[in-house]
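Just below is one structure, and these are the notes that go with it.
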Amino acid sequence: MKIYGVAILGACFLVGQLFGELLGRLLGMDSNVGGVGFAMFLLMIFGHSLKKRGFMTEKPERGILFWSAMYIPVVVAMSATQNVKGALTGGWVAVFVGVIGTAVSFLCIPLIVKLGNKLNHK
């Protein structure tokens with residue numbers, strides 16, 4: 001049953017959306033900037049923290065893994081419906097935020113891999 005862990009996923013999603021909205025407002029944009037990404041990051045941190053403390057049992061962990069895997073097609077579908085032309089003509093802030101966000105994400109990959117390797121060897 002995949003319903004286990006949905007409350008954790010839902011809470012992370014709501015907090016991630018809030019962060020995305022706040023970041024958008026701080027950047028002067030009337031849109032959510034990275035809410036789903038923040039949610040996934042929070043889910044990874046929160047899930048790892050619960051597992052490390054022994055609070056995560058098998059059923060919630062499987063539920064979270066299932067819904068985490070479902071996020072990828074959802075994000076692809078969401079990004080396919082975005083108006084890229086509108087974002088480009090809307091100003092350089094949108095382009096700047098997109099380029100910087102992508103660059104920072106690429107730069108974080110080696111760090112995440114190193115952290116993952118360290119956590120797996122403990």
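Note that these values count all heavy atoms, side chains included, but never hydrogens, waters or copies made by symmetry. As the structure is a computational prediction, the values presented were derived from the model and not from experiment.
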Can you tell me how far CD1 of Ile112 sits from CG of Asn117, rounded to the nearest 0.5 angstrom? 12.0 Å
Among the clusters formed by ILVMFWY side chains lying less than 4.5 Å apart, do Phe19 and Leu27 turn up in the same one? yes
Identify the heavy atoms of Leu42 and Gly16 that sit nearest to each other, and give their distance. CD1-N, 4.0 Å
Can any side-chain N or O of Ser49 pair as donor or acceptor with the backbone N or O of Ile45 at less than 3.5 Å? no
Kindly work out whether a path of hydrophobic side-chain contacts (I/L/V/M/F/W/Y, heavy atoms less than 4.5 Å apart) joins Met44 to Leu111. no
Determine whether Leu50 and Phe41 fall in the same hydrophobic cluster, where Ile, Leu, Val, Met, Phe, Trp and Tyr are linked whenever their side-chain heavy atoms lie under 4.5 Å apart. no
Got Asp30 and Arg25 here, is their nearest side-chain heavy-atom distance under 4.5 Å? yes
Tell me, yes or no, whether the heavy-atom count around Phe38 atom CZ, taken from other residues, nucleotides or ligands under 6.0 Å, exceeds 12. yes
Atom of Val33, atom of Leu23 and distance for their closest heavy-atom approach: O-CD2, 3.7 Å
Interatomic distance, Leu115 atom CG to Lys118 atom NZ [nearest 0.5 angstrom]: 6.5 Å
